[in-house]
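Here is the structure we will look at, set down as structure tokens.
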Protein chains: 2
Amino acid sequence: MGIDGLDGRLLELLAHEPRIGVLEASRRLGVARGTAQARLDRLKSNGVIRGFGPEVDPAAIGYPVTAFATLEIKQGQGADVRAHLATVPEVLELHTTTGSGDMLCRLVARSNADLQRVIDLVVGFAGIVRASTAIVMENPVPLRIVPLVRQASREG
Amino acid sequence: MGIDGLDGRLLELLAHEPRIGVLEASRRLGVARGTAQARLDRLKSNGVIRGFGPEVDPAAIGYPVTAFATLEIKQGQGADVRAHLATVPEVLELHTTTGSGDMLCRLVARSNADLQRVIDLVVGFAGIVRASTAIVMENPVPLRIVPLVRQASREG
DNA sequence: CTCCCACTGCGCAGACTGCCTAGTGAATAG
DNA sequence: CTATTCACTAGGCAGTCTGCGCAGTGGGAG
């Protein structure tokens with residue numbers, strides 16, 4: 001169920017040069033085209049590769065402010081709150097976590113002032129007891145997977 | 001600097017069917033191929049589209065546990081801590097946030113037990129004063145961008 | 001020893017990409 | 001009012017890649 005060295009190198013290659021084709025990838029990896037194709041197909045059907053969606057930078061479309069909000073939810077209101085948050089476009093991501101029935105969500109906004117509007121939108125809902133927000137200043141490590149892939153392929 | 005309706009529809013299309021080609025996209029959008037190509041090129045050089053990296057599911061490569069850790073940093077140790085965390089493969093993402101010199105990072109681990117090892121790795125570093133961790137149980141809203149794109153293209 | 005599987009190396013038809021040209025309509029500047 | 005600019009349409013061309021299939025090879029498992 002893990003990934004081997006070849007899978008790892010293929011993933012790294014795709015992460016670094018996403019628009020590369022199967023043929024070019026096979027050349028870089030030093031294997032036959034069929035092999036690269038088979039590996040790629042397997043990674044996709046395995047669920048290792050979820051997809052190749054475009055990575056859109058929220059800042060570039062007018063939402064330069066990112067924040068994380070920790071929400072405390074009233075007992076039994078979880079489903080309602082999830083449904084509510086799913087309707088807010090500025091909520092990019094939502095997790096339920098351990099702890100006192102908490103949720104953690106990632107928000108974006110057009111400005112610090114606009115963030116207030118977004119937060120009001122988010123917490124202006126019956127099931128939410130309390131919210132604490134942390135505004136992101138810097139992002140020293142952007143979302144990455146290559147180091148993990150490398151480790152996984154070494155160990156697996 | 002924003003995106004218009006056509007950009008928005010193109011982004012949605014790409015998000016939904018990432019491996020679609022320019023030609024097919026132009027057909028679906030009802031525009032000429034050159035137009036679709038020009039829009040796509042512009043979105044890329046604008047920085048709106050950062051890339052088309054494969055989305056790898058950590059769970060599928062043996063890291064099914066996700067957690068968020070809030071770190072409190074000793075004054076002046078920020079740079080060292082960032083450098084330290086950047087070397088840990090299980091740290092998928094790191095943000096510095098407002099508040100008491102805090103950082104927020106996303107971690108993955110092979111199991112709940114393994115998470116202890118990862119946390120020790122992360123916090124076993126001089127500059128970190130305190131860490132509080134929340135284990136993710138569910139992910140009702142996975143990272144998404146389409147709703148925001150739709151809103152941005154309506155307003156822009 | 002035999003079977004099975006992954007990999008290699010090859011070829012084919014179809015489709016797509018990058019690049020170019022010419023013409024149109026709308027908005028803008030003079 | 002006219003000239004210019006810009007985005008878009010529509011088409012063409014050469015080169016390349018993809019999806020697919022086929023035969024052959026080598027190593028591991030039963």
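Computed over heavy atoms, backbone and side chain alike; hydrogens, waters and symmetry mates excluded. Proteins come first, then strands; the chains are lettered A, B, ... in the order of their sequence lines, and each starts at number 1.
A close approach under 4.0 Å does not occur between any side-chain nitrogen or oxygen of A:Gln37 and OP1 or OP2 of D:dT18. Phosphate contact (OP1/OP2 of C:dA6, side-chain N/O of A:Arg42, threshold under 4.0 Å): absent. Contact annotation: A:Thr35 side-chain N/O to C:dA6 OP1/OP2 distance is not under 4.0 Å.
Rounding to whole angstrom units, CZ of residue B:Arg19 and P of D:dT18 are separated by 9 Å. Atoms CD (B:Glu24) and P (D:dT18) sit 17 Å apart, rounded to a whole Å. The distance from atom CZ of B:Arg27 to atom C1' of D:dT9 is 16 Å, rounded to the nearest whole Å. A straight line from CG of A:Asp41 to P of C:dC5 spans 17 Å, rounded to a whole angstrom. The separation between B:Leu29 atom CG and D:dA10 atom C1' is 17 Å, rounded to whole Å. Nucleotide D:dC6 holds its C1' atom 14 Å from the CG atom of B:Asp4, rounded to whole Å. What separates CG of A:Leu10 from P of C:dC7 is a distance of 11 Å, to the nearest Å. One can place CG of A:Leu23 at 18 Å from P of C:dC16, the figure rounded to the nearest angstrom.
In this structure a side-chain-to-backbone donor-acceptor pair under 3.5 Å is present from A:Thr98 to B:Ile135.
Residues A:Lys74 and A:Asp80 are not paired through a salt bridge, judged by the lack of any N-O separation under 4.0 Å between the basic side chain and the carboxylate. Under the 4.0 Å criterion applied to side-chain N and carboxylate O atoms, A:Asp114 and A:Arg117 are assigned as salt-bridge partners. A salt bridge links A:Arg27 with A:Glu24: at least one charged nitrogen is closer than 4.0 Å to a carboxylate oxygen.
The side chain of A:Ala32 sits closest to C:dT8 out of D:dC8, C:dT8, D:dT9. Taking only side-chain atoms of B:Arg39, from C-beta outward, the nucleotide of C:dC7, D:dA7, D:dT9 with the closest atom is D:dA7.
When heavy atoms are screened at a 4.0 angstrom cut-off, A:Gly34 is found touching no nucleic acid atom at all.
Relative orientation of the A:Phe68 and B:Phe68 rings is tilted, given thresholds of 30° and 60° on the angle between their planes.
Heavy-atom distances to DNA chain D give each of A:Ile20 and B:Arg33 a nearest nucleotide, and the one nearer the 5′ end belongs to B:Arg33.
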